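Below you'll find the structure, written out as structure tokens, and then a few comments.
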Amino acid sequence: VTDVPKIVEWCKSNAIDFVVVGPEDPLTHGVVDALEAANILAFGPTKAGAELEGSKAFMKDILQKYGVPTATYIRTKSPEEAKEYI
């Protein structure tokens, strides 16, 4: 469900004129943007909007940037740093 061009082509080939997108993966790959560009109505967030759900780190950064209360967190790729933080 992440091959956006194939999804759009399938919708065109099958005369689909409205799509409700639920899974996170196609949303974060921009399927709504691509469907709308092909003049197919789509219900769901754009790729930019889906990033809030698709990337927890991005979402936490946005919340912190605008002072929205949220649990504390760190971004790390180090297991040792993560263990130390906990």
Side-chain angles (χ1 to χ4, degrees):
V1 273
T2 58
D3 190 340
V4 173
K6 280 190 178 180
I7 294 169
V8 172
E9 187 54 42
W10 187 89
C11 289
K12 287 180 177 180
S13 298
N14 290 280
I16 305 298
D17 59 3
F18 181 67
V19 179
V20 177
V21 185
E24 186 176 304
D25 256 1
L27 290 169
T28 60
H29 283 86
V31 75
V32 169
D33 307 76
L35 289 167
E36 289 179 347
N39 294 315
I40 299 169
L41 295 175
F43 180 79
T46 62
K47 183 176 182 175
E51 188 174 7
L52 291 171
E53 180 63 26
S55 171
K56 305 310 178 224
F58 176 77
M59 179 64 164
K60 293 295 256 181
D61 290 347
I62 292 292
L63 293 174
Q64 185 177 45
K65 179 179 179 178
Y66 292 102
V68 178
T70 186
T72 60
Y73 74 104
I74 61 166
R75 293 177 95 176
T76 182
K77 293 182 180 184
S78 161
E80 292 77 23
E81 188 178 0
K83 288 176 189 175
E84 185 178 312
Y85 179 76
I86 295 174

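Throughout, residue positions are numbered sequentially from 1 according to the sequence presented. From a predicted model like this one, the values you see are computed outputs, not experimental measurements.
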Open item on the list: Heavy-atom count check: over 12 atoms from other residues, nucleotides or ligands less than 6.0 Å from Tyr66 OH?
Closed with: no
Open item on the list: Apply side chain to side chain contact (heavy atoms under 4.5 Å, CB included) to residues Thr70 and Met59 and explain how you reach the verdict.
Closed with: CA-CA 10 Å; Thr70 186; Met59 179 64 164; over 6 Å; no
- [ ] Supply the atom-to-atom distance Thr28 OG1 to Phe58 CZ, rounded to the nearest 0.5 angstrom.
- [x] 12.5 Å
Open item on the list: To the closest 0.5 Å, what do you measure between CZ (Phe43) and CG (Leu35)?
Closed with: 14.0 Å
Open item on the list: So which atom in Val32 and which in Val21 form the shortest heavy-atom distance, rounded to 0.1 Å?
Closed with: CG2-CG2, 4.0 Å
TODO: Could I get the full list of salt bridge (charged side-chain N to carboxylate O under 4.0 Å, His left out) partners for Lys56, not counting sequence neighbours?
DONE: Glu53
Task: Value rounded to 0.5 Å, distance of CG in Asn39 from CG in Asp17 - done: 11.5 Å
Open item on the list: Using every non-hydrogen atom in the two residues, find where Pro45 and Ala50 come nearest and quote the distance to one decimal.
Closed with: CB-N, 3.9 Å
Open item on the list: Are Ile40 and Lys12 packed together at the side-chain level, in the sense that at least one heavy-atom pair is separated by less than 4.5 angstrom?
Closed with: yes
Task: Spatial distance of atom CG (Leu27) from atom CG (Leu52) [nearest 0.5 Å] - done: 12.0 Å
Open item on the list: Just to verify, what does Asn14 make a side chain to side chain contact (heavy atoms under 4.5 Å, CB included) with, not counting sequence neighbours?
Closed with: Trp10, Ile16
Task: OG1-CD distance between Thr46 and Glu51, expressed to the nearest 0.5 angstrom - done: 10.0 Å
Task: Co-members of the apolar cluster containing Ile74 [side chain, <4.5 Å] - done: Tyr85
TODO: Step through the shown structure and confirm whether more than 12 heavy atoms of other residues, nucleotides or ligands are within 6.0 Å of NZ on Lys60.
DONE: yes
Task: Closest non-hydrogen atom pair, Gly30 against Val4 - done: O-CG1, 4.2 Å
Task: From CD (Glu9) to CD1 (Ile7), nearest 0.5 Å - done: 12.0 Å
